[in-house]
Number of protein chains: 2
Amino acid sequence: MSGEDHRDSNALHVEAARRLDAVQSRYTTKRRLLVDVFEQADHPLSLPEVIAADSSLAQSSVYRNLAALEEAGVVRRIVTGDDFARFELAEELSGHHHHHLICRTCRTVADFTLPTAVERSLAATFRDVSDAHGFSVQDHQVDLLGACADCQDAARIGGDT
Amino acid sequence: MSGEDHRDSNALHVEAARRLDAVQSRYTTKRRLLVDVFEQADHPLSLPEVIAADSSLAQSSVYRNLAALEEAGVVRRIVTGDDFARFELAEELSGHHHHHLICRTCRTVADFTLPTAVERSLAATFRDVSDAHGFSVQDHQVDLLGACADCQDAARIGGDT
DNA sequence: TTTACTGCAAAGGGTTTGCAACATG
DNA sequence: CATGTTGCAAACCCTTTGCAGTAAA
């Protein structure tokens, strides 16, 4: 199953259904729609972005479904300091381990990946750190904070000294 | 011992005053108290923790002062997904570049450091990544998510079946 | 049929803000 | 004295929840 093209969204839905079933939840039409939205996104989506992508979804239902999908391990919630939380497909489902470029100006979040060698050495270091602290690591999170290309341009034009 | 504390603390306050002055803000008694609280903390503090450390501060004033201190670059705001935001001294003032161990159970945040060699190689990698994306990096954030020692113990006792 | 899900509206809760009194430079 | 700061309380806004109707198994 690994190494396959991400075009196979059927496998994604099958796995999502399996995970929801494992927590006694149903894979309804609305939830399938949500998974479709996240599959097509190339960055974590805020709630307004999710609703913009499919306005057939009521706000409260989206929140409730995202909570259900998160509990099932289908999506992951990301908190960046923006007004809104953001959501993306769980990495086991997207098959795409990555990190985030967070723009402090427009608050958008873009994905990036680290070279395998760096990831591997980081993982080893994290193991040492967690051992030393008696901390059990489930996940790591590497974010870069700064200004995206668009906001740098805007600053040069609008905020010029 | 206490002589050293006074000297360190004094340098800290001088720098904090300078930074506040740079944004037309005053270094009031309350703000000095806040800086003292953060200087003594060994981990990022939530608002309840700040108020617990010094209850002479009104909640809204603490929020307002933290916003002022953040704008001046004296403290840094951290968002972990906990109900509360957390704050710590800016690294230029604490002189202590570090990262966070975030416990998903009790939501506490502990500090840890990476070996210099790892930091250096990370910085180089981040430079490559940001160049490739046209992203201007101001800061990076490396967090480990998992279970702290206490919560692992609690799980062994309470959740053992 | 049974149980979970949906949508609307209202409540929740951390954070922000209006305003009058106060302190700082 | 002029201006920034403080504290109280109310407003704010993202998110959660109660409830009645609907869809899934």
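Quick note on labels: first sequence line is chain A, next is B, and so on, each numbered from 1.
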Legend entry - Sugar-phosphate or base contact per nucleotide [nucleotides 9-18 of chain C; S, B, -; heavy atom under 4.0 Å]: B----SBBBB
Legend entry - B/Glu15 vs B/Val74 side-chain heavy atoms within contact, under 4.5 Å: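 Of all side-chain heavy-atom pairs linking B/Val74 with B/Glu15, none is under 4.5 Å.
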Kindly write out the residues that satisfy side-chain hydrogen bond (donor to acceptor under 3.5 Å, both in side chains) with [X], not counting sequence neighbours, or none if the list is empty.
| X | answer |
| --- | --- |
| B/Gln138 | A/Arg104 |
| A/Ser55 | none |
| A/Asp83 | none |
| B/Glu91 | B/His97 |

Inset, instruction - Tell me yes or no: between the side chains of B/His96 and B/Glu88, is some donor less than 3.5 Å from an acceptor? - result: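 No - no donor-acceptor pair under 3.5 Å links their side chains.
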Inset, instruction - Determine whether the side chains of B/His99 and B/Glu119 contain a donor N or O and an acceptor N or O closer than 3.5 Å. - result: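 Side-chain D/A pair, B/His99 to B/Glu119: present.
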Inset, instruction - Could you check which residues of residues 19-31 of chain B get a heavy atom under 4.0 Å from DNA chain D? Sort them by number, please. - result: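 B/Ser25, B/Arg26, B/Thr28, B/Lys30, B/Arg31 - these, ordered by number, are the residues of the stretch whose heavy atoms sit under 4.0 Å from the strand.
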Residues forming a side chain to side chain contact (heavy atoms under 4.5 Å, CB included) with [X], sequence neighbours excluded:
| X | result |
| --- | --- |
| A/Asp150 | A/Cys148 |
| A/Glu92 | A/Arg19, A/Ala90 |
| B/Glu70 | B/Val75, B/Arg77 |

Legend entry - Divergence of helical axes at both termini of the helix from C/dT1-D/dA25 to C/dG25-D/dC1 - five pairs an end, 10° steps: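 End axes: 40° apart.
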Report, one line per pair, each donor and acceptor closer than 3.5 Å where one atom sits in a side chain of residues 124-134 of chain B; sequence neighbours left out.
residue	atom	partner	partner atom	Å
B/Thr125	OG1	B/Ser121	O	2.8
B/Ser130	OG	B/Phe126	O	2.9
B/Ser130	OG	B/Arg127	O	2.9

Legend entry - Qualifying residue for side-chain hydrogen bond (donor to acceptor under 3.5 Å, both in side chains) with B/His100, from B/Thr80, B/Asp111, B/Thr108: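 For B/His100, the side-chain hydrogen bond (donor to acceptor under 3.5 Å, both in side chains) check succeeds only for B/Asp111.
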Inset, instruction - Tell me whether the OP1 or OP2 atom of C/dT6 has a side-chain N or O from A/Asn65 closer than 4.0 Å. - result: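 Answer is yes, contact under 4.0 Å.
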Inset, instruction - Calculate the interatomic distance between A/Arg32 atom CZ and C/dA4 atom P; express it in whole Å. - result: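 These atoms are roughly 19 Å apart.
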Inset, instruction - For DNA chain D, note the earliest and the latest nucleotide, 5' to 3', having some atom under 4.0 Å of a heavy atom belonging to chain A. - result: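 Listing 5' to 3', DNA chain D meets chain A from D/dC14 to D/dA24.
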Inset, instruction - Remember a base hit wins even if backbone is also touched, and classify B/Ser46 as base, sugar-phosphate or nothing at under 4.0 Å, heavy atoms. - result: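 Contact class for B/Ser46: none.
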Legend entry - Crowding at CZ, B/Arg120 (>12 non-hydrogen neighbours, <6.0 Å):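 No, CZ of B/Arg120 has 12 or fewer neighbouring heavy atoms, counting only those of other groups under 6.0 Å.
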